[in-house]
Peer 1: 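The structure follows.
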Amino acid sequence: MNLSKRISLLGLAAAATIGAWADGKPYVSKVWSPDLGNGQYINPVIDADYSDPDVVRVGDDFYMTASSFCDIPGLPILHSKDLVNWTLIGHAITEMPEYAQSAKDPSHGNAVWAPAIRYHNGEFYIYYGDPDLGIFMTKTKNPAGPWEPLVHVYKAKGVIDPCPIWDEDGRAYIGHGYAGSRAGVKSILGMIEMTPDGKQAIGQDKVIYDGHLENETIEGAKLYKRDGWYYIFSPAGGVATGWQEVLRSKNIWGPYETRNVMEQGSTDINGPHQGGWVDTPDGKEYWFLHFQDKGPYGRVVHLQPMEWRQDGWPVIGVDPDGDGRGEPVRKYRKPNVGKTYAAVNPAESDEFDTIELGKQWQWKGNPNALWYYTDANASTLRLFSQHNEGAKTLYDASNLLLQKFPAQNFTATAKVKFFPRKKNGKIMAGERAGLIVTGYDFAALSLVSREDGVYLTEADCVKASKGADETEVASVKIDTEKEIYLRVQIRMVGPKKPMQKSDYKTEATFYYSLDGKKFTKFGRPFNVREGHWIGAKLGLFCTRDWVSNDSGWLDIDWFRITK
């Protein structure tokens, strides 16, 4: 047992609770941390793909969730004390029940679309829309979990981006958008009443706003009530190119008047929209969390100052010309929450010291107990090879263990040892394990068992999402009895000042080492693409192309993110 990598039972409990502490210290990323240490922060506050963020404050604590689509665990729960420094403390969905699945895994781009998180009567509620099945809800008293089983609140096709609101008279409502791909119409917002317990829609769904003429592609409705007004914060104009719209009415059913309260303007932050607003514990400051679509890097999280003006309209960001349309900030003073908190970030590296996977890891669907073993005694993660029936390439495999890109430029290294299955003392051909970068296309640095031994290979697949074939780029025979270090370097290769989503061009270059010191470039650079509604991801895998009563495996000693 590697004692230097072990943590105490007390540390285990703490890690399970806060999710981003290592050896009793807060986890600070080596590649992106927004806290500048001088009372200021720099955007994005999370340079990772936490798409469609929503936020709520309860006392002195802020909690955020985001879309997770088909990745499991789903509905991430993040915690902060100051809106700048965030930790990933858990997920609201640990396994997707059959009644909440419209297609088999991996169902790229489906399932858990934009959620909303709210606190009501001592409980946290999350609502999300599935474009094929309707609106689901889960709730808990402890945001770190466990969360209650999903409740199917409203069965409908094309209804997305739900947000609940409980009114003073005890009645409850869900505002939402419509997915044109399923509903056959978009750019409109709807409202439906629900039971006060939040578990079932009642009455008839009704369109409350038509944005076709002024706010095309309006969606992502977030509902609030302030000073007798109902407000709906909704992004419009498209994910990567749009703006933040706010609607208001004295009647929850409308009619609503609208105003653009934030747009890109002269900044390099494209499409600044889709998020939620909160106040500080003293109620004196207002802040807005939203995303920016950076293509292969996904939809990263920004924090903007917000003010309510005397006319009852908010302005998000800064408004240098006074026209009521804010622009996002890149650098700004931190929120005044009454205290100063240490820098901390969502965990990225994993030493595999505990009996649980790090919270940053997700599978491409419901995990199977036979996919992996967390060996805390040996301080390793073991991935058993799996036969993915019907999967043409790794794009179609569910047992990919992946995490989000944590920054624009970083290096990921894994120390591994491959144990292909043997029969009669001879290695069986057809098993494969290693490091993968994947989106619509993918590339992998793999250890592959063949008739004459084990080879290190680099292969890529362009248009994998369209069913294209994989191409092997490089191959070299290696000694399977030794550990090997697999590495991928991610670099932004677009313009130095990207202004739009298309400017975020990303390249992955693979390396390997036999001693952990000297690394050799291997294969060819790979142009990284985003996935279906998500940024590209990277991680580990272990597969085989045959069915048998046993398997080989890959042992991972550690996985580390560095500059």
Side-chain angles (χ1 to χ4, degrees), residues 52-58 62-68 74-77 92-93 100 112-131 133-143 147-156 158-179 188-209 218-226 228-235 246-249 251-254 256 274-279 288-289:
D52 312 314
D54 192 32
V55 62
V56 66
R57 179 182 63 80
V58 179
F62 300 92
Y63 298 95
M64 179 168 60
T65 189
S67 301
S68 52
L75 287 176
I77 309 297
I93 299 174
V112 182
W113 284 25
I117 183 169
R118 292 293 182 267
Y119 186 73
H120 175 67
N121 282 347
E123 293 184 296
F124 293 85
Y125 288 76
I126 294 180
Y127 287 75
Y128 76 85
D130 181 311
L133 298 177
I135 297 172
F136 291 86
M137 179 272 289
T138 179
K139 64 187 181 76
T140 186
K141 292 183 178 180
N142 180 3
W147 289 69
E148 294 184 9
L150 291 171
V151 175
H152 204 167
V153 177
Y154 181 47
K155 297 180 180 179
V159 173
I160 57 169
D161 304 349
C163 181
I165 188 169
W166 284 266
D167 216 338
E168 289 95 335
D169 62 3
R171 298 176 74 174
Y173 307 87
I174 303 173
H176 62 83
Y178 295 89
I188 56 177
L189 299 178
M191 185 80 68
I192 189 166
E193 189 170 357
M194 65 176 175
T195 53
D197 63 6
K199 293 184 177 181
Q200 184 176 349
I202 55 177
Q204 193 170 31
D205 189 22
K206 180 181 178 181
V207 174
I208 58 169
Y209 176 72
I218 196 165
E219 55 187 354
K222 297 293 187 293
L223 275 61
Y224 309 91
K225 192 174 185 181
R226 183 179 188 270
W229 288 92
Y230 297 94
Y231 289 90
I232 303 177
F233 283 53
S234 288
V246 169
L247 299 76
R248 74 175 188 180
S249 174
N251 186 322
I252 197 166
W253 296 102
Y256 281 89
Q274 180 94 338
W277 73 268
V278 288
D279 60 2
F288 186 77
L289 281 162

Peer 1: Quick one: list whatever passes ring-ring contact (aromatic ring centres under 6.0 Å, His included) with F136, sequence neighbours left out.
Peer 2: Y128, H152
Peer 1: State which residues pass side-chain hydrogen bond (donor to acceptor under 3.5 Å, both in side chains) with T195; sequence neighbours excluded, sorted by chain then number.
Peer 2: D197
Peer 1: For a quick test of reading the model, state the closest non-hydrogen atom pair linking P196 to A172 and the distance between them.
Peer 2: CA-CB, 4.2 Å
Peer 1: Side chain to side chain contact (heavy atoms under 4.5 Å, CB included), that's the test. Do L150 and I93 meet it? Break it down for me.
Peer 2: CA-CA 8 Å; L150 291 171; I93 299 174; 4.1 Å; yes
Peer 1: Quick check for you: to the nearest 0.5 Å, what is the distance between I252 atom CD1 and W229 atom CH2?
Peer 2: 14.0 Å
Peer 1: For residues D52 and Q274, report the shortest heavy-atom separation together with the two atoms involved.
Peer 2: OD1-NE2, 3.2 Å
Peer 1: Is there a side-chain contact between I208 and L247 in this structure, where contact means two heavy atoms from C-beta onward sitting under 4.5 Å apart?
Peer 2: no
Peer 1: Tell me which one of Y256, Y231, Y209 satisfies side chain to side chain contact (heavy atoms under 4.5 Å, CB included) with S249.
Peer 2: Y256
Peer 1: Heavy atoms, side chains only, cut-off 4.5 Å: are I174 and V153 in contact?
Peer 2: yes
Peer 1: Taking ring-ring contact (aromatic ring centres under 6.0 Å, His included) as the definition, give me every residue that meets it alongside F124, ordered by chain and number, with sequence neighbours left out.
Peer 2: Y63, Y119
Peer 1: Listed by chain and number, what are the salt bridge (charged side-chain N to carboxylate O under 4.0 Å, His left out) partners of D130, not counting sequence neighbours?
Peer 2: none
Peer 1: Check side-chain hydrogen bond (donor to acceptor under 3.5 Å, both in side chains) between E148 and all other residues, then give those that pass, not counting sequence neighbours.
Peer 2: K139
Peer 1: Does some side-chain heavy atom of L289 sit less than 4.5 Å from a side-chain heavy atom of F62?
Peer 2: no
Peer 1: Of all residues at least two apart in sequence or in a different chain, which pass the ring-ring contact (aromatic ring centres under 6.0 Å, His included) check with Y224?
Peer 2: F233, W277
Peer 1: Between CD1 of I165 and CE of M194, what distance do you get to the nearest 0.5 Å?
Peer 2: 9.5 Å
Peer 1: For D54, enumerate each residue passing the side-chain hydrogen bond (donor to acceptor under 3.5 Å, both in side chains) test, keeping only those at least two apart in sequence or located in another chain.
Peer 2: R118
Peer 1: Run the side chain to side chain contact (heavy atoms under 4.5 Å, CB included) test on K206 and W253 for me, step by step, so that the C-alpha distance in whole Å, both residues' side-chain angles and the decisive distance to 0.1 Å come before the verdict.
Peer 2: CA-CA 8 Å; K206 180 181 178 181; W253 296 102; 4.0 Å; yes
Peer 1: Any donor and acceptor pair, going by atom type alone, linking the side chain of R248 with main-chain N or O of I232 inside 3.5 Å?
Peer 2: no
Peer 1: Can you list the residues that meet the ring-ring contact (aromatic ring centres under 6.0 Å, His included) rule with W166, with sequence neighbours excluded?
Peer 2: H120, Y125
Peer 1: Is there a side-chain contact between Y154 and I192, using heavy atoms and a 4.5 Å cut-off?
Peer 2: yes
Peer 1: State, to 0.1 Å, how close I126 and A92 come at their nearest heavy-atom pair, and which atoms those are.
Peer 2: CD1-CB, 4.1 Å
Peer 1: Can you run down the salt bridge (charged side-chain N to carboxylate O under 4.0 Å, His left out) pairs that involve residues 162-172, sequence neighbours left out, and say none if there aren't any?
Peer 2: D167-K225, E168-K225, R171-E193
Peer 1: May I ask you to decide if A114's main-chain N or O and S67's side chain share a donor-acceptor pair within less than 3.5 Å?
Peer 2: yes
Peer 1: Could you tell me whether the side chain of D205 reaches within less than 4.5 Å of the side chain of M191, counting heavy atoms only?
Peer 2: no
Peer 1: Any side-chain heavy-atom pair from Y127 and C163 closer than 4.5 angstrom?
Peer 2: no
Peer 1: Using a 4.5 Å cut-off on heavy atoms from C-beta on, say whether the side chain of L189 contacts that of V207.
Peer 2: no
Peer 1: To the nearest 0.5 Å, tell me how far I160 CD1 sits from E219 CD.
Peer 2: 5.5 Å
Peer 1: If you round to the nearest 0.5 Å, how far is OG1 of T65 from CD1 of I77?
Peer 2: 4.0 Å
Peer 1: What residues, two or more places apart in sequence or in another chain, satisfy side-chain hydrogen bond (donor to acceptor under 3.5 Å, both in side chains) together with S234?
Peer 2: none
Peer 1: Which pair of non-hydrogen atoms, one from P162 and one from G129, has the smallest distance, and what is that distance?
Peer 2: CD-N, 3.3 Å
Peer 1: Mind checking whether D161 and H176 have side chains closer than 4.5 Å, heavy atoms only?
Peer 2: no
